[in-house]
Protein chains: 2
Amino acid sequence: MAGVAPSTVSFVLNGKGKQMRIRDEVATRIMQVAEKSGYEPHRMAVNLRTGQSKTLGLIVESISGSFFASLAKTIETEAERRGYNVVYCSTENNAQKGGELIRMLGRQMVDGYLITPAPGMEKEIQHLVQQHKPVVLMDSYFPSIKTPYVLINNFDGVQQGMKHLISKGFTKIGFVMVDVKLIQIEERLRGYVTALKDHKIPVKKKHILQLQYHKQREDSLRELQDFIEANSELEAIFFSTNYLGILGLEVLARMGLKMPDDIAVLCFDDHDIFRLYPPGISVIEQPIEGIAKTAIDLLMHQLDKNSTPLKKNAVELPGKFILRGSA
Amino acid sequence: MAGVAPSTVSFVLNGKGKQMRIRDEVATRIMQVAEKSGYEPHRMAVNLRTGQSKTLGLIVESISGSFFASLAKTIETEAERRGYNVVYCSTENNAQKGGELIRMLGRQMVDGYLITPAPGMEKEIQHLVQQHKPVVLMDSYFPSIKTPYVLINNFDGVQQGMKHLISKGFTKIGFVMVDVKLIQIEERLRGYVTALKDHKIPVKKKHILQLQYHKQREDSLRELQDFIEANSELEAIFFSTNYLGILGLEVLARMGLKMPDDIAVLCFDDHDIFRLYPPGISVIEQPIEGIAKTAIDLLMHQLDKNSTPLKKNAVELPGKFILRGSA
DNA sequence: TACCTGTGCTAAATCGATTTTGTAAAAATT
DNA sequence: AATTTTTACAAAATCGATTTAGCACAGGTA
């Protein structure tokens, strides 16, 4: 349309006009034609040629979770700022699907991966790393896999919460967790145990409830209620995830227990509900924005060919204790 | 690696071996080599050649919203079942960004669009439709744009709720909405007005609050509180979106009003919080799964070249009234 | 024997860009 | 004036697949 060769057009549109000594007159003409005809480069062709899709893959456990929701927003914004798209995928708590997803994205679809690892994804992630694909893990990690990760300092977060409960004079504090073998869960338990020991409070096994990861909602509720009834001496309960905390609210409501007088409640990881639910649930808030930004930074660093390997490949960000009415 | 030409490999791997009369012996060898070497076709190359990305674009207002969360899950599942990926994008209530997003996806990135239209996206969507891109709208639509859409029957949904309130003997019922010019909002208002008229209850303008769409959260809360204080005779309030309902909960809590005795509350569009928040908020639930499935069906139908145009291009699904403690 | 028809595969064109190499014409240098 | 250098582009290769056209060879037919 501009009466020149395709290569000439390519040079001009990619800002290499000067470098290739294209006359301003010709360059201007090309730009005008492109503008007028609404030319948009064919993504696939560009991708094929350049070998880059300018797309990142974000793999999370549940796309409907609130952790994901906040994460996705920040990551999308940050990625866009750097000229990248984001493709979201959720494993929906299905290990097998996790593997498939990664493989699917791996078909040269994405330039890099942001993953919140779930049990069962270890092998697939290991595989990616071995292929030197850029990968950053968030929220958890596998000690065996040498790739950058970002997460909240779980141990310290629980400590903050426990210190508050203890400072309020509580000594009989329950701890509710899931029985999944994940670093972050173990760290939270360690925080609980350590906090008690530091204050010379005996740790009682029966004050710790390990709920099965994948039970029916109703079964979990019952199990939780049994736990609370069996430990009527408890003055406070620390829920180690917001999912558990929400179950807790439901159980306490059923039992007619009032927070914070009948029992104090503290939860790890905030949730919309906790802000609104009377009297407001105190929580350890995750620095989600920080996690997202750091993750993108770590990923971009890997994508940037001519960059020195970072030293800080394992980032732990502090959580924030938010005091509300429940504890 | 198999000692044959690329074209032969292509035929075999794409199941055209028989058709192209490739010997079983050769075909088997090719399959084995492919298997052993872990061959995966290069997505971009395939896309470029076939002209299809096998990817759908899902554009929503807010990726962190609960409507989106449920929608995304179903859509992803359904899309996957049909061999498609999904790319999510959110406009984050930013009309300008909406346009950019669509254009971005439009660079031959996606084969079809699923969009929850927001004000300001009309032109861009119109553009897509004119280019004969497959588009399905959800949750709302533009009367001027001739493309399939699916949404809840807003009018009927509100009617269901209003009938319930009226059957309880309430006659002084407030209606809280936003001032956006969107079909679904207008339909909900029409439902409210019609329900009252049908029962010979006078419609009072001052019982209808139109909140400004993009105010600060605090400002909205204040405005809402003023409204409730100024209309102390109200026996019930109908919130036309869950966002408004949540604001309502916060205001009522501040004012110390108890549901349902001090005031009854009903909300359009369910939310996690409404299940848990005592005494449970009665809602009109959106048939999100149905919307998602129908939307995918409508889109697939457009993607399927050799298919007759559907007659039912405008689908309205019924909402479901869920009775909880608040009304 | 000459011609036609299947068989079983390969060569080459193609998708739409980017990038390397090439090449006339103009300008500068010897 | 002859040669070299620079200018300003164009031609062609390339990315990795798919798809169309083609081409030997075997067997059948006239």
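Letters A, B, ... are given to chains in the order of the sequence lines, protein chains preceding strands, and every chain is numbered from 1. All of these numbers come straight from a predicted model, not from anything done at the bench.
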Report summary line: Rounding to the nearest 10°, end axes of the helix from C:dT1-D:dA30 to C:dT30-D:dA1 built from five pairs each make an angle of 80°
Query raised in the report: Does CD belonging to B:Gln131 count more than 12 external heavy atoms closer than 6.0 Å?
Result: yes
Query raised in the report: How long is the line joining NZ of B:Lys54 and C1' of D:dA17, in whole Å?
Result: 16 Å
Query raised in the report: A:Pro134 and A:Gln302: which non-hydrogen atoms are nearest, and at how many Å?
Result: CA-OE1, 3.2 Å
**Report entry** NZ/NE/NH1/NH2 to OD/OE distance under 4.0 Å, B:Asp24 and B:Arg29
**Finding:** no
Query - Side chains of A:Pro143 and A:Ile183 in contact at under 4.5 Å (non-hydrogen atoms) - result: yes
Keeping the roles fixed (side chain from [X], backbone from [Y]), state whether a donor-acceptor pair exists under 3.5 Å.
X        : Y        : answer
B:Thr294 : B:Gly290 : yes
A:Asp304 : A:Met300 : no
B:Asn153 : B:Glu316 : no

Requested in this report: Quick one: label A:Asn47 by what it contacts on the DNA or RNA (base, sugar-phosphate, nothing), any heavy atom closer than 4.0 Å.
Outcome: nothing
Query raised in the report: Just by protein heavy atoms under 4.0 Å, how would nucleotides 6-16 of chain D read 5' to 3' in B, S and -?
Result: -BBBBB-BBBB
**Report entry** Counterpart residues, ring-ring contact (aromatic ring centres under 6.0 Å, His included), relative to A:Tyr141 (two or more places apart)
**Finding:** A:Tyr149
